[in-house]
Colleague: 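Got a structure for you, written out below as structure tokens; questions coming shortly.
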Amino acid sequence: MENRLDLTFAALADPTRRAILIMLLEDDMAVTDVADPFEMSLAAISKHLTILTRAGLISQEKRGRVKWCKLEPDALREASIWMQSFGQFEAVNLDAFERFLETELKSVE
């Protein structure tokens with residue numbers, strides 16, 4: 001599981017790869033369509049896609065002469081479960097805490 005998490009978080013660390021994942025939320029896309037909005041070479045996009053594929057976040061398949069990318073929605077499950085374990089450390093709602101203190105201080109007076 002550690003290696004899988006490492007690959008997932010390493011893949012998510014790059015803003016270009018996160019943008020690609022967001023694009024693939026809509027539908028499967030040809031590699032050339034994935035590359036279109038970015039100001040980088042097709043070879044550079046292919047490297048990003050390879051990293052996403054190794055992490056299991058996307059899959060790639062050839063349909064005819066075109067290579068397609070597909071989001072793998074279950075791929076983030078392990079990372080999500082790992083992150084949820086930190087849910088016990090949620091941020092404190094300071095407004096609610098202030099109201100609690102005011103109530104407590106009034107009861108002491």
Side-chain angles (χ1 to χ4, degrees):
M1 182 170 149
E2 285 293 317
N3 188 36
R4 184 63 136 187
L5 281 176
D6 291 346
L7 290 172
T8 298
F9 287 120
L12 294 174
D14 184 86
T16 300
R17 292 191 286 270
R18 291 191 305 269
I20 291 169
L21 292 175
I22 290 169
M23 290 168 51
L24 292 174
L25 280 171
E26 299 283 327
D27 200 4
D28 298 359
M29 295 178 75
V31 170
T32 53
D33 293 333
V34 170
D36 196 41
F38 299 100
E39 293 184 17
M40 60 180 74
S41 68
L42 190 56
I45 289 295
S46 291
K47 288 180 182 180
H48 284 294
L49 295 174
T50 298
I51 291 168
L52 291 168
T53 302
R54 282 189 191 138
L57 298 172
I58 69 168
S59 59
Q60 296 184 62
E61 69 174 312
K62 203 148 191 181
R63 297 179 196 163
R65 298 172 69 188
V66 179
K67 197 170 198 178
W68 287 79
C69 300
K70 176 184 175 185
L71 183 69
E72 293 299 333
D74 293 334
L76 288 173
R77 181 168 288 140
E78 283 180 29
S80 178
I81 291 168
W82 184 84
M83 288 186 294
Q84 286 175 5
S85 67
F86 294 97
Q88 61 188 337
F89 302 113
E90 290 181 32
V92 174
N93 181 333
L94 294 177
D95 291 331
F97 184 61
E98 183 178 18
R99 287 191 298 274
F100 169 76
L101 287 178
E102 286 173 0
T103 305
E104 289 298 307
L105 290 174
K106 285 180 186 176
S107 67
V108 172
E109 295 174 353

Colleague: Transitively linked via ILVMFWY side-chain contacts under 4.5 Å: Met29 with Val66?
Modeller: no
Colleague: Hey, are the side chains of Leu12 and Leu57 touching, using non-hydrogen atoms and a 4.5 Å cut-off?
Modeller: yes
Colleague: Using every non-hydrogen atom in the two residues, find where Gly56 and Ala75 come nearest and quote the distance to one decimal.
Modeller: O-CB, 2.9 Å
Colleague: Compare all side-chain heavy atoms of Phe9 with those of Met83 and state whether any distance is below 4.5 angstrom.
Modeller: yes
Colleague: Mind running side-chain contact (heavy atoms from CB on, under 4.5 Å) on Glu78 and Thr8 for me, showing each step along the way?
Modeller: CA-CA 9 Å; Glu78 283 180 29; Thr8 298; over 6 Å; no
Colleague: Could you check whether any side-chain heavy atom of Thr50 comes within less than 4.5 Å of a side-chain heavy atom of Arg54, counting everything from C-beta outward?
Modeller: yes
Colleague: Is the closest side-chain heavy-atom distance between Leu49 and Gln60 below 4.5 Å?
Modeller: yes
Colleague: Testing the basics here: between Cys69 and Val31, what is the closest heavy-atom pair and its distance to 0.1 Å?
Modeller: SG-CG2, 3.7 Å
Colleague: Membership question, hydrophobic clusters at under 4.5 Å side-chain separation (ILVMFWY): are Leu25 and Ile45 in the same one?
Modeller: yes
Colleague: Look at Arg63 together with Asp28 and state whether they make a salt bridge at an N to O cut-off of under 4.0 Å.
Modeller: yes
Colleague: Working to the nearest 0.5 Å, report the span between CG of Leu71 and CD1 of Ile22.
Modeller: 10.5 Å
Colleague: Tell me if the CD atom of Glu26 is crowded by more than 12 foreign heavy atoms within 6.0 Å.
Modeller: no
Colleague: Would Asp36 and Met23 count as a side-chain contact (heavy atoms from CB on, under 4.5 Å) here? Give the steps.
Modeller: CA-CA 11 Å; Asp36 196 41; Met23 290 168 51; over 6 Å; no
Colleague: Hydrophobic cluster membership, with links at side-chain heavy-atom distances under 4.5 Å among I/L/V/M/F/W/Y: are Met40 and Ile51 in one?
Modeller: no
Colleague: Hey, what do you get for CZ (Arg17) to CD1 (Ile58), rounding to the nearest 0.5 Å?
Modeller: 11.0 Å
Colleague: Hey, could you give me the CG/CG distance between Leu52 and Leu24, rounded to the nearest 0.5 Å?
Modeller: 8.0 Å
